[in-house]
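Below, read A as the first sequence line, B as the second, and so on, with proteins coming before strands; counting in each chain starts at 1. Model, not experiment: these values are computed from the prediction.
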Amino acid sequence: MKKIKVTICTGTACYVLGNSQLLVMKDDLKPELLKWIDFEGSNCLKYCKDASFGKAPFVLINGKLMAQATGPKVKDEIERLYLDMLDGGE
Amino acid sequence: MICDNNATIKRRELLTQIAKLCLDQSLQAEIDDLPLKRFPKNSQTTRCCVHAARAIVRQRLIAMMGFSVEQDDEKKALSAYAQDALKRDKVEGTILTVIDNGCSACVQANYFVTNTCRGCLARPCSMNCPKDAISFVNGQALIDSKACVNCGRCQKVCPYHAIVYVPIPCEEACPVGAIMKDETGKEYIDYNKCIYCGKCSRACPFGAIMEKSQIIDIIQQLKTKNPVIAMIAPAIIGQFGGKLNQLVSALLKLGFSEVVEVARGAEITVAKEAEEFIERISQGDQFMTTSCCPAYTEVVRKHIPGLKKHVSDTKTPLHYTGEMVRNNNPEAITVFLSPCFAKRKEAIFDDYVDFVLTFEELGALFIAADIDVLDCAETPLDVEAKISGRRFPVVGGVAKSVKQAIGDRVQCNEVIINGVTKKELNLLKAYARGSAPGNLVEVMACEGGCIAGPGVISHPKVSKGKIDAMEKE
């Protein structure tokens, strides 16, 4: 199975508007799930410069953009992808 | 305040907008339109209608421009407030303000009968009410909020669990009973009691208690040729991502002429407090408490005067830093970058500190000025503070540093008061009678220390992790 990649934008706008909270998300995830996730912080991804992407804070999960990200929303998406992966049996 | 709710996000967005207008020199020209832009017609709002939402935004902007909403003249346009803000030298008066349009005037009584009440024959609720506050209307119990004294007996005895406890979040959070309802049910702050800890402001789900910001005054200073010096609280470590030296560059980009760590002042506090401790204990004092937390010193001043003689006379890290900066540069305008609301109060009485900007306000200012900390190069500080000062904002840090400085000269047993709530207030009252369970008492009004202050951005765990990493260096 390929790991799920979670890119947390830690540019100042995203950081101030909530992504600072996502940096402690790992502590809330189960260890068996955690080993299938690649968390990375990123410099400003520039989505905040274009209103058509929605509002900060932004997170990329396997390349898919999530605007107005929150811990529970990100966690939910990760868990969904994880279950899909298990079903896929790769 | 950690960003886990919408009221926080909305406040930060609005702060960013006002900072941007001020940076663009268009505050006076455009601020009147801001409430309308936030809530155009047919927009969604949590309030009854867009007009109420706009009225609340107007009051928030008044607070963000540094004025008390309590003294709001409703006929005065925001642009007129902006004009006054741009002209003045300083924000005057109290440091907090209640957005009365925003305050939802929470329940009058804390106990409420839900519609699961069956109106039973036993009626233990009314039988056990000492004030005859419960009557029966349409076959269900009803609590008369004027007569209810919140004893909670009815809730305990209801066999159907039909009575719920409804808190008033701000009143519940206030450790000193300084916030209460006026005759209309809206909250007001009694400044004879308030310790400026900011807990009410964090607790209110309507974001109705705000600070009076100095952001406009600081932006105006940054535009001048004056040397404006950023004195950064040690809790800033871990606030914006990136390295401390990148943050220094970001601050210089904003227009600050120099950045000085308040952790350096903390080193002076440590040295003096250790000497003071040795002197006091040798003279036979039972214990000494720290004095760096301004909300705690307000607690002592307003609520436990008997404890005063046990509080260290050593000045705060901020004071020593301000003194150092001013001695080097008498013309300097000093701005404290702060995790704390109560430091504003301290700054009013300390001539070495001109302005206070919370980390949240600084974050808004960075966004408004389009400065990204992570994209900044590194600028080294002229003098780096030592870990003995840098660990101050983590609970237990002050005591640890002071204890290290005392060494084995005097036996030192530290006691840590981690956050002042109603419970710790009682504990401190007991200490005031003459004895504590140790002889060095560290008091932090915020649980976790300054890294968990009302003005922070990052989760305290992130800040603690970074400061702990420095411990190991």
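The shortest distance between side-chain heavy atoms of Ile367(B) and Val16(A) falls below 4.5 Å.
Lys212(B) NZ: more than 12 foreign heavy atoms inside a 6.0 Å radius. Atom CD of Glu40(A) is surrounded by more than 12 heavy atoms from other residues, nucleotides or ligands within 6.0 Å. Applying the 6.0 Å contact sphere to NZ of Lys3(A) captures more than 12 heavy atoms from other residues, nucleotides or ligands.
When Ala364(B), Ala250(B), Gly363(B), Gly465(B) are compared by the number of non-hydrogen pairs under 4.5 Å with chain A, Gly363(B) comes out ahead. In terms of heavy-atom pairs under 4.5 Å with chain B, the best-connected choice from Leu23(A), Thr10(A), Asn19(A) is Thr10(A).
Within residues 370-381 of chain B, the residues having any heavy atom under 4.5 Å from a heavy atom of chain A are, by residue number, Asp370(B), Ile371(B), Asp372(B), Val373(B), Leu374(B), Asp375(B). Contacts from residues 43-50 of chain A to chain B, taken as heavy-atom pairs separated by less than 4.5 Å, involve Asn43(A), Cys44(A), Lys46(A), Lys49(A) in sequence order.
Applying the ring pair (Phe, Tyr, Trp, His ring centres under 6.0 Å) criterion to Phe240(B), with sequence neighbours excluded, gives Phe366(B). For Phe359(B), there are no ring pair (Phe, Tyr, Trp, His ring centres under 6.0 Å) partners two or more places apart in sequence or in a different chain.
Between the side chains of Lys37(B) and Gln17(B), no donor N or O sits under 3.5 Å from an acceptor N or O. Between the side chains of Gln246(B) and Lys243(B), not a single donor N or O lies within less than 3.5 Å of an accepting N or O.
With respect to Lys461(B) and Asp27(A), a salt bridge is recorded, a charged nitrogen being found less than 4.0 Å from a carboxylate O. Using a cutoff of 4.0 Å between basic side-chain nitrogens and carboxylate oxygens, Arg202(B) and Glu360(B) are not scored as salt-bridged.
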